[in-house]
Amino acid sequence: MLFIDLKKLKIEKEFRYEQFAIEVPVDITNAAAKIKAQAKEACKKLFKNKPAIATQYHIEILPQQKITEDDFISLVNIFVIAFFENLITTGGRPRERRLDVPEQLSCAHISMGLLKRAINTKTVTDVFNLTINCNNYCYMLVDTKETKENE
């Protein structure tokens with residue numbers, strides 16, 4: 001499985017990893033702020049334990065109504081922001097500050113601003129991937145389709 005490595009600043013393939021999963025019931029008729037608070041609380045539970053090796057985080061969204069693709073994209077955006085708010089801790093990394101995201105990480109399916117913040121700040125874990133599922137929809141932070149081998 002592929003993981004973002006924030007120390008080496010590239011995508012790494014790992015065969016030994018921990019997995020943390022959580023299920024989150026969501027009512028999409030709620031305001032985005034309420035869903036974000038719910039997502040932030042769920043993501044906080046994902047980071048209870050600090051992993052020693054690469055980590056696969058999995059969020060299963062359990063919608064209370066039928067959702068569309070646009071609904072799923074909105075939920076993913078909310079959950080990814082909440083995930084990164086909990087992933088990032090305080091203090092900078094012991095290296096020069098990066099002004100941009102390295103090309104090796106540009107294939108990650110995330111806002112480059114969020115990723116750049118994670119690169120420059122200490123995080124709960126440095127080697128991770130995130131998947132979010134909801135009904136038949138699936139989001140992967142890093143997948144094999146767009147990465148180049150041996151980067």
Side-chain angles (χ1 to χ4, degrees), residues 1-28 30 32 34-89 93 98 100-151:
M1 178 169 257
L2 296 175
F3 295 88
I4 288 180
D5 188 327
L6 296 175
K7 280 190 178 178
K8 296 178 184 174
L9 298 176
K10 62 183 190 175
I11 306 295
E12 292 279 310
K13 189 177 278 193
E14 297 287 338
F15 299 100
R16 287 191 39 218
Y17 57 89
E18 289 185 68
Q19 182 168 354
F20 296 104
I22 192 161
E23 292 182 343
V24 185
V26 173
D27 182 353
I28 61 169
N30 286 337
K34 186 172 183 177
I35 295 173
K36 184 180 179 202
Q38 187 179 6
K40 197 169 181 179
E41 195 60 37
C43 290
K44 190 181 291 186
K45 292 176 186 175
L46 280 176
F47 294 112
K48 258 191 328 193
N49 302 316
K50 185 171 177 160
I53 58 175
T55 308
Q56 168 65 35
Y57 293 101
H58 179 77
I59 299 171
E60 184 73 36
I61 299 173
L62 305 172
Q64 296 178 352
Q65 305 81 1
K66 183 173 173 24
I67 68 163
T68 65
E69 186 175 338
D70 290 338
D71 293 333
F72 178 69
I73 291 169
S74 297
L75 288 172
V76 165
N77 289 333
I78 291 169
F79 274 84
V80 167
I81 290 169
F83 177 84
F84 271 82
E85 284 178 358
N86 283 286
L87 174 73
I88 295 169
T89 61
R93 290 188 183 271
R98 303 293 302 208
D100 201 7
V101 174
E103 188 177 336
Q104 295 91 332
L105 295 178
S106 64
C107 64
H109 305 289
I110 185 172
S111 152
M112 291 300 117
L114 277 177
L115 187 54
K116 184 170 64 171
R117 186 167 168 230
I119 288 169
N120 288 322
T121 312
K122 290 182 184 176
T123 53
V124 173
T125 182
D126 291 325
V127 184
F128 66 95
N129 196 355
L130 170 67
T131 57
I132 300 174
N133 287 11
C134 182
N135 293 347
N136 294 330
Y137 300 110
C138 180
Y139 162 85
M140 291 185 77
L141 181 62
V142 180
D143 62 11
T144 57
K145 286 187 265 182
E146 296 176 14
T147 58
K148 298 174 188 153
E149 286 298 315
N150 300 326
E151 281 193 324

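Here the structure is a predicted model, which is why all the values come from computation and not from measurement. Every heavy atom of this structure was used, including side-chain atoms; hydrogens, water molecules and symmetry mates were not.
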- Message: Checking side-chain polar atoms at under 3.5 Å, does D71 have a donor or acceptor matched by the opposite partner on S74?
- Response: no
- Item | L9 vs Q104, side chain to side chain contact (heavy atoms under 4.5 Å, CB included): CA-CA, chis, key distance, verdict | CA-CA 7 Å; L9 298 176; Q104 295 91 332; over 6 Å; no
Spacing of [X] atom [atom1] and [Y] atom [atom2] [to the nearest 0.5 Å]:
X	Y	atom1	atom2	value
C107	I11	SG	CD1	4.5 Å
I119	L114	CD1	CG	11.0 Å
C134	Y139	SG	OH	15.0 Å
N77	S111	CG	OG	9.5 Å
N120	L115	CG	CG	9.5 Å
I4	L130	CD1	CG	9.0 Å

Heavy-atom pair of closest approach, residues [X] and [Y]:
X	Y	value
I132	F72	O-CZ, 3.7 Å
T123	A118	CG2-O, 3.8 Å
D27	Q64	CB-OE1, 3.3 Å
Q56	N129	OE1-CB, 3.3 Å
E18	A52	OE2-N, 3.3 Å
V26	Q65	O-OE1, 4.2 Å

Answer yes or no: is there a side-chain heavy-atom contact under 4.5 Å between [X] and [Y]?
X	Y	value
E14	D5	no
D143	L2	no
M1	Q19	no

- Passes side chain to side chain contact (heavy atoms under 4.5 Å, CB included), V80 versus L141? Steps please. CA-CA 9 Å; V80 167; L141 181 62; 5.7 Å; no
When you measure from the side chain of [X] to the backbone of [Y], do you find a donor-acceptor pair of N or O atoms at a distance under 3.5 Å?
X	Y	answer
E69	Y137	no
R93	T121	yes
T89	K122	yes
D126	L6	no
N135	K66	no
N30	I35	no

- Relative to each other, are the rings of F83 and Y57 parallel, tilted or perpendicular (30° and 60° limits)? perpendicular
- May I ask you to check whether over 12 heavy atoms, not counting those of R117, lie within 6.0 Å of atom CZ? no
- Query: Going by an N to O cut-off under 4.0 Å, is there a salt bridge joining E12 and K10?
  - Reply: yes
- Message: Is there a side chain to side chain contact (heavy atoms under 4.5 Å, CB included) between I53 and V127? Walk through the geometry before answering.
- Response: CA-CA 7 Å; I53 58 175; V127 184; over 6 Å; no
- Task: Give the C-alpha distance, both sets of side-chain angles, the deciding distance and a yes or no for side chain to side chain contact (heavy atoms under 4.5 Å, CB included) between F20 and K45.
- Result: CA-CA 10 Å; F20 296 104; K45 292 176 186 175; over 6 Å; no
